[in-house]
Amino acid sequence: MAFEYAPAPESRSVVDIAPSYGLFIDGEFTDAADGKVFKTVSPSTEEVLSEVAQAGPEDVDRAVKAARKAFVKWSALPGAERAKYLFRIARIIQERSRELAVLETLDNGKPIRETRDADLPLVAAHFFYYAGWADKLDHAGYGANPRPLGVAGQVIPWNFPLLMLAWKIAPALATGNTVVLKPAETTPLSALFFADICRQAGLPRGVVNILPGYGDTGAALVQHEDVDKVAFTGSTAVGKAIARQIAGTRKKATLELGGKGANIVFDDAPIDQAVEGIVTGIFFNQGQVCCAGSRLLVQESVQDELLDSLKRRLSTLRIGDPLDKNTDLGAINSAEQLARIKTLADAGEAEGAERWSPQCELPSSGYWFAPTLFTNVTQAHTVARDEIFGPVLSVLTFRTPDEAVAKANNTQYGLSAGIWTEKGSRILAVANKLRAGVVWANTFNKFDPTSPFGGYKESGYGREGGRHGLEAYLDV
């Protein structure tokens, strides 16, 4: 029998969204030089949340100059002093986490359960972790007295707006760099709230600058001659464009790009546990995760049992109001992203893969896509090759561990993978052969600030998180 769940909405009243926001440059909120603005919309209802200033080249130049000026004093501070600011930011994030979780859910569309229980604790943890590194850089393994690079230009995506900001800003500040950050155009609000947190923490002016805008704002930032370091998380196509733009310059770059992660289930895996891991792997954040386990590789002998169990589990997922604490799947982030998911799912069907979704009612307004499963998939199918970035899982089978490894590695990406088996020796043997930056064993989508994250091949280069995440912001 399925449980009936009464509505359990989180109150919107905990967050106060202003009707309009400016750019955050040199410690002040300011209008764009050309006066341009754009609207940010809630994906679950399509209501306009706020109007936001849109940064142009003149604003980028102003922000980079402010960051360059602030760099002189910020980089000269002892590490222990910089650490105090980072600790303070981390504490304020914890204090304001309920407000930030509601804001993130409204602006992004993901369930409040995820923003509250996953995103926000991790955001605070990253600032705490890198605060701890700020006075220990001599012992990070990069030689004595490693120096900061200067001004970091950072461009982040819309799928984890506040978490990606933390991944970028925390190590940059800990190592003595200053920052100009461009949030995604569909999710600018949490970055602007973070600007307010920087003021609350007494962070010196110009150390962090926030410039909302579209792709052209990001391009102007990346190409600015006084930016020393580029950090980008987003699509592989844009990552390649950035790599071309900065080729031949002195700029250092880290690129964290797309993925098509393989989740491998062996015949001795605990089926129920694996099913939970598969669901987490592909339906967390509506599958809008670059390291999502979007390709399920199942050992042939347990395929039927696993798929039966998986379909039963998918039939219990609750889709709807992301502010409801019972919701498992929220809204897709934008109309544009929804159209891309639909196109790729239709291609899967047209190419002969078998499509299945549980019976579920989708809300009438907003951007929604039902959890979808494709079986009878081959490695040649579009749904097995292309990153869909939505709640769509492709199922393939294998007979031997070697075949599993060959199929898992048969992709242009290399960001993540999962292994499900009760044999420790098999976990180690298979993990060593997978060309993926992160390999999870009997779990999926577990993150920790002490652990480096990044990819191989078209999933980009460089690492974020852990001791390794410091290197990208140091002259080593």
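Atoms considered below: every heavy atom in the structure, side chains included; atoms not considered: hydrogens, waters and symmetry mates. Nothing here was measured: the structure is a model prediction, and the numbers come from that model.
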Intermediate values then yes/no, side chain to side chain contact (heavy atoms under 4.5 Å, CB included), T217 and V60
CA-CA 7 Å; T217 309; V60 170; 4.2 Å; yes
Side-chain donor-acceptor pair present, K69, T178, cut-off under 3.5 Å:
no
Does a sphere of radius 6.0 Å around NZ in K325 hold more than 12 heavy atoms from other residues, nucleotides or ligands, not counting ones at 6.0 Å or beyond?
yes
Geometric cation-pi criterion R340 and F389, 6.0 Å radius, 45° cone
no
Where the side chain of D59 meets the backbone of A33, is there a donor-acceptor pair that is under 3.5 Å apart?
yes
Can you find a heavy atom in the side chain of I332 that is under 4.5 Å from one in the side chain of P391?
yes
Geometric cation-pi criterion, R88 with Y85: 6.0 Å, 45°:
yes
What class does the angle between the rings of F128 and F87 fall in, given that below 30° is parallel, 30 to 60° is tilted and above 60° is perpendicular?
tilted
Basic-acidic side-chain contact under 4.0 Å: D228, R250
yes
Can you check side chain to side chain contact (heavy atoms under 4.5 Å, CB included) on S294 and I388, steps first, answer last?
CA-CA 8 Å; S294 51; I388 298 171; over 6 Å; no
For K136, is the NZ atom crowded, meaning more than 12 foreign heavy atoms sit under 6.0 Å from it?
yes
So do the side chains of T382 and L344 get within less than 4.5 Å of each other, counting heavy atoms only?
yes
Min side-chain heavy-atom separation Q337-Y367 under 4.5 Å
no
Between A53 and T30, the two heavy atoms sitting closest are CB-O, 4.4 Å
Answer yes if the ring centres of F194 and F127 are under 6.0 angstrom apart, and no otherwise.
yes
For the student: nearest non-hydrogen atoms of H468 and P452, plus distance
ND1-CG, 3.5 Å
Does the pair K65/D61 count as a salt bridge with the N-to-O cut at 4.0 Å?
yes
Which heavy atom of P121 sits nearest to which heavy atom of T115, and what is that distance?
CD-O, 4.3 Å
Pair L100, I197 - check side chain to side chain contact (heavy atoms under 4.5 Å, CB included), show working.
CA-CA 11 Å; L100 290 165; I197 287 171; 4.0 Å; yes
Look at the aromatic rings of W133 and Y129 and report parallel, tilted or perpendicular, splitting at 30° and 60°.
perpendicular
Would you say the side chain of S459 lies within less than 4.5 Å of the side chain of K260, judging by non-hydrogen atoms?
no
If you count heavy atoms of other groups shown closer than 6.0 angstrom to CG of D16, is the number above 12?
no
For residues F447 and F160, determine if any side-chain heavy atom of one lies less than 4.5 Å from a side-chain heavy atom of the other.
no
Salt-bridged, R96 to D196, with N to O below 4.0 Å?
yes
Does CG belonging to D117 count more than 12 external heavy atoms closer than 6.0 Å?
yes
Could you tell me whether K457 atom NZ has more than 12 heavy atoms of other residues or ligands within 6.0 Å of it?
yes
Contact summary for N108 and W158, nearest pair of heavy atoms:
ND2-O, 2.6 Å
Close side-chain approach of T105 and P111, heavy atoms under 4.5 Å
no
So does R355 have more than 12 non-hydrogen atoms from other groups sitting under 6.0 Å from CZ?
yes
Indicate the atoms forming the closest heavy-atom contact of V155 with G218, along with that distance.
CG2-CA, 4.3 Å
Starting from the C-alpha separation in whole Å, work towards a yes-or-no answer on side chain to side chain contact (heavy atoms under 4.5 Å, CB included) for V392 and I341.
CA-CA 8 Å; V392 181; I341 297 168; 4.0 Å; yes
For a 4.5 angstrom cut-off between non-hydrogen side-chain atoms, does L162 reach D119?
no
Would R463 count as a cation-pi partner of Y456, with NZ or CZ less than 6.0 Å from the six-membered ring centre and within 45° of the ring normal?
yes
Kindly check if the number of other-residue, nucleotide or ligand heavy atoms within 6.0 Å of CD (E58) is above 12?
no
Answer yes or no: is there a side-chain heavy-atom contact under 4.5 Å between I156 and W167?
no
Looking only at atom types and distance, does a side-chain atom of E46 sit under 3.5 Å from a main-chain N or O of G366, one as donor and one as acceptor?
yes
Consider side chain to side chain contact (heavy atoms under 4.5 Å, CB included). Of L474, D475, V476, T175, which one does L149 pass it with?
D475
Any donor-acceptor pair under 3.5 Å from K446 side chain to W440 backbone
no
Quiz question: by atom type and distance under 3.5 Å, do the side chains of T187 and N333 form a donor-acceptor pair?
no
What's the separation between atom CG in L23 and atom CZ in F29, rounded to the nearest 0.5 Å?
9.5 Å
Which heavy atom of G277 sits nearest to which heavy atom of F444, and what is that distance?
O-CB, 3.8 Å
Check whether the side chains of S365 and T45 place a donor and an acceptor atom closer than 3.5 Å, and report yes or no.
no
